[in-house]
Each structure stands twice: as C-alpha cells, then as structure tokens.
Amino acid sequence: MASSSTPTTTAAATTAAPSPGAVAMATKPKLHGRAFYESIGSPKFVVAPMVDQSEFAWRMLTRSFMTPAENAKLLAYTPMFHARLFEETTKYRESHFQATRPAPPVKKGEPEPPVDTAPWLDGNTAFDRPLTVQFCANEPAHLLAAAQHAAPYCDAVDLNLGCPQGIARKGHYGAFLQEDQELIYKLINTLHVSLPVPVTAKIRILEDKEKTLAYAKNVLAAGASIITVHGRRREQKGHLTGVADWSYIRYLRENLPKETVIFANGNILQYGDIEKCLEATGADAIMSAEGNLSDPSIFAKPPAEGEEGREYWRGKDGKGGYRVDAVFRRYMDIIHKYVLQHDPPTRRPLFVVGDDESWLRESGGAEEAEEGPARKKRKKDGGPRPERCVDPNLVAMRPHLFHVLRHFISKHTDIRDALAKSRPGDVPAFENVLEMVERRVAEGLIEYEKTGGKSAEEEPETQPATSEAVAAEDAGAEEDPESSAATVKACKRPWWVAQPIIRPLPKEALAKGALSLSKKDKKKLEEEEAAAAAAAGSAGKTAAEQELPAPDGTDGVKEPKMDDKQKGLTSEELVCG
C-alpha cells in the first residue's frame, strides 16, 4: 500500500521519492476504451469485485487453474473499497490493499524506517495483472483522492454502481446512485479527466431497456472505458434474485457504438455458461462472482478425457470437475507461499483409487479430537487476548472455504463444525481441516468405485433452499425446465467436486414459505413475471429455450439463513460489487 505521505489532492502531484509503479505510469500513455481493453490482452474472463471476497489470494487461486495463454485472457477486480476510508485512513488501506508492505510499528521516540516501495501482493506486475481496483463513493473529491493511492498499482479504477445491499442504501452509494445521473457523471468524469489510469463502471439494469440504454450512454459519455452490465435490477437480491436478463445486455450491444467494450454479468454458474452468455449478449467478456466463489476453476477449460490427473475427477457418466481437496490444497499453498512468505508443507500426492490406502487407517489426530460432545468453554485465564487478524487474505479464508465446501459439509457436518471453529489467521487449524477433507474425499472415491457410482447418488440434498423442489421432482412431479430444480439436476456433481450453489427462483421461495412479500411487492412480482413471460413469448423463446441458467446471486446477495455452526464466519456473507 502506498504510504500515507502520498498526496491526495491532485493527480498531477508527486512525491519526492515516487514508487516504481508511479514511475512506470509516468512513462506509459493513458489509453481509452477499446484501445485500453486491447492493451491488457482483451480479457474474456473477469473475476468480479466482491466485498472481502476477491482479495489477492483468491485471485491467485483462480489464475492458478489456467494456462499462461488462458491467464492472458483473465482480468480480476479487487474487493469493493470505501473511497473516503481508503483516502483518509492508512490503517484501512493497509488492511485491505497490500501493494507494498505495511510499515512496521515504531516505538515512541524511535525514528520511522524508510518506506518500502517494492511491489508486494496486490497489483504486483509479476503475478497479479491485469487488475482493476473498485471503489464505492458519492463524492468526486474523495473518489479521486482514493483512486490516486491505488493508481500506481493497477490497470484501471472502477466505480461501483451495482451494490444493492441495505448498507449501500444507507451510505448512498452503489446501485442507490442510479437516480442521480448527474452525480454519476461527475464521479466518473472526475477520474477520467484527472486520473493517470482509465476509469470503468459496473451498473445494474433499470426497469426498461430504453432507460438502461440512457444510463449506459451517460456512464460512457462521462469517460468510462469499459461498462459492466449486471442483468438484474437493484431489487433482485436475496430470495428475489431471480434470473439475470441477458436480453438487456444484447440490447445495449446493438444500440451503443460498436467500439464500446461491454462485460456481461449474471447467470454464470459453470464453464459451459460462458460461451452461451457471450453468444446471447454479444459482450466482449463475462464476469462471474458466486460461480467463481463456488468453483474458482470456472474459467479454466476442463481437461480432455484421459488427461484428468489427480486434481480433476470425471465420473462414469462423463461429468466431472475439480475435487474440493485439490482446490483446498492449492488455496493453502498460495496462502503459505505469498501471504506467509514461506514454502508450503510437503504433501503426499492426492489420493486416487489404486493408491496405498494404509494412510487412511492412521490416526486422524485432530479429527478424532473433534468427535464426541462439545467441550465446555474454558474459563478465561486472564492472559492477553490474541491479536485480531486483519490481513485481508487470512480473514477471507473461512468464508471462501464455506463456499467451496458447501455441498461437502452438508454431508460431513463434523468438518463443517471444525471449519466454523477455525479462527482467522490460525493456519494450522485450516491445515487440520484440509487433512480431514482429504480423508473423506479418499473414502468417497473408494466407495464410488465399489458401488459402481451409486454412492454419489445417495448423498443428501446439499442446498436446503431447493430441497423441496428436488424432492417433488424425485417423487415423479413434472419437471419445469425453468425451475431451479432443473438447474440443480443439470449442475449436480458428487459432494467431493466443486460445483455451483443454486438459489430458488422467487416463485419457488414464495411457494415454500422461505419468502413472504407485502401485497404491494407480491403484485409487483406477479406483474414482472407476466411481463417477462410476455417478452419471452414475443421473442418466440422461453427462458429455458434461451438456455438461461438459474440465478447465481451475483452482486451483494446473501446466502440463505444458516445456523451458527453452518455459518461460523461473519454476520453477513456479502458478494457485492
């Protein structure tokens, strides 16, 4: 992170000792629009900006599944940062954005050490580019000052105009700026005129296509080089998430200048959805949030049959995916190598059927200690409390693992509990959970082979929100091709494979009582569904015929409510940006 002495008033201001990133920027011309997009490799895949969830280690994990050629097509966004806090508070910057090493604490009376300007993690040109830094803001001066801190360490700065959460309403940012198009213009134009790197913006669609087009034109006229369009309205969150409407993005593609760079966001659940979205929308690239959180390999082309190796599993039906123990291992190794700055521990090869199984009979150690009744809480010994972990990469570990392991821990609840007890920064605890996961995956693979694949079919439903729909389907109910149950069936893999988390559609949530609406909201939902059906009919295609997947909950959607043990992380699991 740049030091607190970095000026925050004008983009032209410089320090006495500019950082290497600032020097490089001074000699690099500022490009705009498609010229800028092509200069960063014309990326086709985009890791979405997500609150506390698209941090450095996660971006590195996503990149790790791709070949060098594929990585050239991957753009990543940082989590959404609060512009005013980023500008004013050194502690906030250092605990969220680690472009350079934070200054060590200095005792009173001691001289301050020289600022370390060497590239470290975020935005390091050796392994974390191209990178866009995203901010939420409602004051141009604060936004510019914050962006100046980040500009030396990124390729562009993005304005968040998509967050639909209550906190965004209260703070007046994100999607709650869309009624003030003049302010949006000022925010973007201030960066366009004064910042040495391009500005981009991420928006949600409005109530009709014409208003959405006018919105997009305003954003582009203000100076945005790239516009990301999330095909959901501001109201579509939680159980009201619903399916993103790709037709809005296609409408923008056909009515904006051809040179406009558009990213499409929404409905990207698995690798196969990428080409469908690009074809349906005409967008230059696709952005994924929850699809990426559930499976960080979502952008990687699956290996050919017979070339799976130990990390990728393919079943007898030909369907497959990366094993959760493989994903977990990669993630831990990145934490060790980059965040903790030491070599990862030596690990045995991932188990495949046919390997020596004797290690499975060895004592599980910590795993066995977790079994049995819960221990009574120990009395406080009066000793010093452990220092609170603030490293963004370590704080994000538990929420990430709950996402990746969601289907796995629905079956293995003891591992869910062990993960819930793992505190941020306690890397040995997470290593223990990894060992537990590896053992269960090995046992699952062995059982799968013994039963000829039947064991995978006997697993319990992994997503509570859709269990009733699936139960009805299994009981012989007529399958609705536009239901989330149909999407669950299409995406479902055995519990040892990373796979998407499917949300119920609003009408399903209403039917099962997971969602209750006021009469006004219920009428509005019915009108919207009728309008959507009419639009689909006039186009001659149903949503299913257009191959639109069920909702992925991108942009600020919370998970369905869970008990404390299932959750075990934070009061809110925001995926916003």
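Values in this document were obtained by computation on a predicted structure and should not be read as measured data. We count residues from 1, following the sequence as given.
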### Query
Considering the options Asp295, Val497, Leu401, Val441, which one meets the side chain to side chain contact (heavy atoms under 4.5 Å, CB included) requirement together with Val324?
Val441

### Message
One thing to verify: whether Glu443 and Arg439 come together as a salt bridge, which I'm taking to mean a side-chain N less than 4.0 angstrom from a carboxylate O.
### Response
no

### For Ala83 against Ala146, the heavy-atom pair lying closest together
O-CB, 3.3 Å

### Query
Are the side chains of Pro164 and Lys237 in touch, meaning some heavy atoms are under 4.5 Å apart?
yes

### Task
Using a strict 4.0 Å threshold on nitrogen-to-oxygen distance, state whether Arg129 and Asp122 make a salt bridge.
no

### Query
Given side chains that start at C-beta, do those of Lys337 and Asp343 come closer than 4.5 Å, heavy atoms only?
no

### Query
Ser297 side chain to Phe65 main-chain N or O, any donor-acceptor pair under 3.5 Å?
no

### Query
Does Arg348 make a cation-pi contact with Trp359, if we ask for NZ or CZ under 6.0 Å from the ring centre and within 45° of the axis?
yes

#### Entry: Pair Asp158-Thr200, side-chain hydrogen bond (donor to acceptor under 3.5 Å, both in side chains): steps then yes or no
CA-CA 5 Å; Asp158 185 81; Thr200 66; 2.6 Å; yes

### Query
Would you call Trp496 and Tyr448 a side-chain contact if the rule is heavy atoms closer than 4.5 Å?
yes

### Task
Please confirm whether the backbone N or O of Gly171 pairs with a side-chain atom of Asn138, one donor and one acceptor, at under 3.5 Å?
yes

### Task
Report yes or no: does Asn265 contribute a side-chain atom to a donor-acceptor pair with the main-chain N or O of Val229 at less than 3.5 Å?
no

### Task
Determine the sole option in Arg59, Lys202, Met50, Met287 for which the side chain to side chain contact (heavy atoms under 4.5 Å, CB included) test with Tyr77 is passed.
Met287

## Note on the structure
CE of Met80 to CG of Leu159, rounded to nearest 0.5 Å, is 10.5 Å

### Message
Please determine whether side chain to side chain contact (heavy atoms under 4.5 Å, CB included) holds for the pair Phe97 and Phe86, giving the CA-CA distance in whole Å, both sets of side-chain angles, and the decisive distance to 0.1 Å.
### Response
CA-CA 9 Å; Phe97 190 63; Phe86 199 91; 3.9 Å; yes

### Query
Within the side chain of Arg234, is there an N or O that forms a donor-acceptor pair under 3.5 Å with the backbone of Ala175?
yes

### Task
Please determine if Asp355 and Arg310 form a salt bridge, counting it only when a charged side-chain N lies under 4.0 Å from a carboxylate O.
yes

### Query
Below 4.5 Å, heavy atoms only, C-beta onward: do His403 and Gln53 meet side chain to side chain?
yes

### Query
Under 3.5 Å, side chain of His407 to main-chain N/O of Pro500, donor-acceptor pair present?
yes

### Query
Do side-chain atoms of Asp414 reach the backbone of Asp417 as a donor and acceptor pair under 3.5 angstrom?
no

### Steps toward ring pair (Phe, Tyr, Trp, His ring centres under 6.0 Å) verdict (Trp313, Tyr322)
CA-CA 6 Å; Trp313 179 89; Tyr322 278 91; over 10 Å; no

### Message
Set out, in order, the CA-CA distance, both residues' side-chain angles and the distance that settles side chain to side chain contact (heavy atoms under 4.5 Å, CB included) for Leu350 and Asp325, then state yes or no.
### Response
CA-CA 8 Å; Leu350 282 171; Asp325 55 343; 3.5 Å; yes

### Message
For residues 60-81, which residue pairs pass the salt bridge (Lys or Arg N to Asp or Glu O under 4.0 Å) check, not counting sequence neighbours?
### Response
Arg63-Asp128

### Task
Check step by step if salt bridge (Lys or Arg N to Asp or Glu O under 4.0 Å) holds for Arg323 and Glu308.
CA-CA 11 Å; Arg323 293 164 41 170; Glu308 293 88 351; over 6 Å; no

### Query
Got a second to check how far Ile335's CD1 is from Phe56's CZ, nearest 0.5 Å?
9.0 Å

### Message
Is it the case that the side chains of Glu431 and His336 hold a donor-acceptor pair, with the cut-off being a distance below 3.5 Å and no angle test?
### Response
yes

#### Entry: Nearest-0.5 Å distance, CD of residue Gln134 to CG of residue Leu161
8.5 Å

### Message
Would you say Asn393 and Glu55 are linked by a side-chain donor-acceptor pair, where the criterion is simply a distance under 3.5 Å?
### Response
no

#### Entry: Pro303 backbone acceptor or donor facing Arg314 side chain under 3.5 Å
yes

#### Entry: Between SG on residue Cys389 and CE on residue Met397, distance to nearest 0.5 Å
9.5 Å

### Task
Go through the side-chain N and O atoms of Arg330 and Ser64 and say whether any donor and acceptor fall under 3.5 Å apart.
yes

### Rounded distance (nearest 0.5 Å) linking atom CZ of Phe299 with atom CE of Met66
7.5 Å

### Query
What closest approach, in Å, do Leu74 and Val47 show between heavy atoms, and which atom pair accounts for it?
CD1-CG2, 4.0 Å

### Message
Using side chain to side chain contact (heavy atoms under 4.5 Å, CB included), reason through Arg416 and Phe402 one step at a time and then give a plain yes or no.
### Response
CA-CA 8 Å; Arg416 177 201 66 190; Phe402 266 101; 4.1 Å; yes

### Query
Between Trp58 and His400, what is the ring plane arrangement, given parallel below 30°, perpendicular above 60°, and tilted in between?
parallel

### Task
Run the numbers on Glu87 and Arg93 for salt bridge (Lys or Arg N to Asp or Glu O under 4.0 Å), then give the verdict.
CA-CA 8 Å; Glu87 171 205 0; Arg93 291 197 303 272; over 6 Å; no

### Query
Can Asn160 and Phe135 be said to form a side chain to side chain contact (heavy atoms under 4.5 Å, CB included), step by step?
CA-CA 6 Å; Asn160 180 316; Phe135 292 102; over 6 Å; no

### Message
Could you check whether Asp333 pairs with Arg347 (Lys NZ or Arg NE/NH1/NH2 to Asp/Glu carboxylate O, under 4.0 Å)?
### Response
yes

### Task
Check the pair Arg503, Glu290 against salt bridge (Lys or Arg N to Asp or Glu O under 4.0 Å), reporting the backbone distance first and the verdict last.
CA-CA 11 Å; Arg503 298 179 184 280; Glu290 278 206 345; 2.6 Å; yes

### Message
Please check this pair: side chain of Arg232 against backbone of Arg204, looking for a donor-acceptor N/O pair closer than 3.5 Å.
### Response
no

### Query
Going through the distances and angles, do Phe127 and Tyr338 end up as a ring pair (Phe, Tyr, Trp, His ring centres under 6.0 Å)?
CA-CA 11 Å; Phe127 41 69; Tyr338 292 97; 5.1 Å; yes

### Message
Could you tell me if the side chain of Gln270 sits less than 4.5 Å from the side chain of Cys491, heavy atoms only?
### Response
yes

#### Entry: Side-chain heavy atoms of Phe263 within contact of Leu75, under 4.5 Å
yes

### Query
Any side-chain heavy-atom pair from Thr90 and Glu94 closer than 4.5 angstrom?
yes

### Query
How about Pro119 and Thr125: do any of their side-chain heavy atoms sit closer than 4.5 Å?
no

## Note on the structure
Rounded to the nearest 0.5 angstrom, the NZ-CZ distance for Lys421 and Arg398 is 12.0 Å

### Message
Quick one, Gln236 with His230, criterion side-chain hydrogen bond (donor to acceptor under 3.5 Å, both in side chains). Give me CA distance, side-chain angles, the key distance, then yes/no.
### Response
CA-CA 11 Å; Gln236 289 181 270; His230 186 174; over 6 Å; no

### Task
Report the residue from Thr62, Ile268, Ile286 that forms a side chain to side chain contact (heavy atoms under 4.5 Å, CB included) with Ile298.
Ile268

### Task
Given ring pair (Phe, Tyr, Trp, His ring centres under 6.0 Å), test His412 with Trp495 step by step and report yes or no.
CA-CA 10 Å; His412 301 288; Trp495 47 264; 4.6 Å; yes

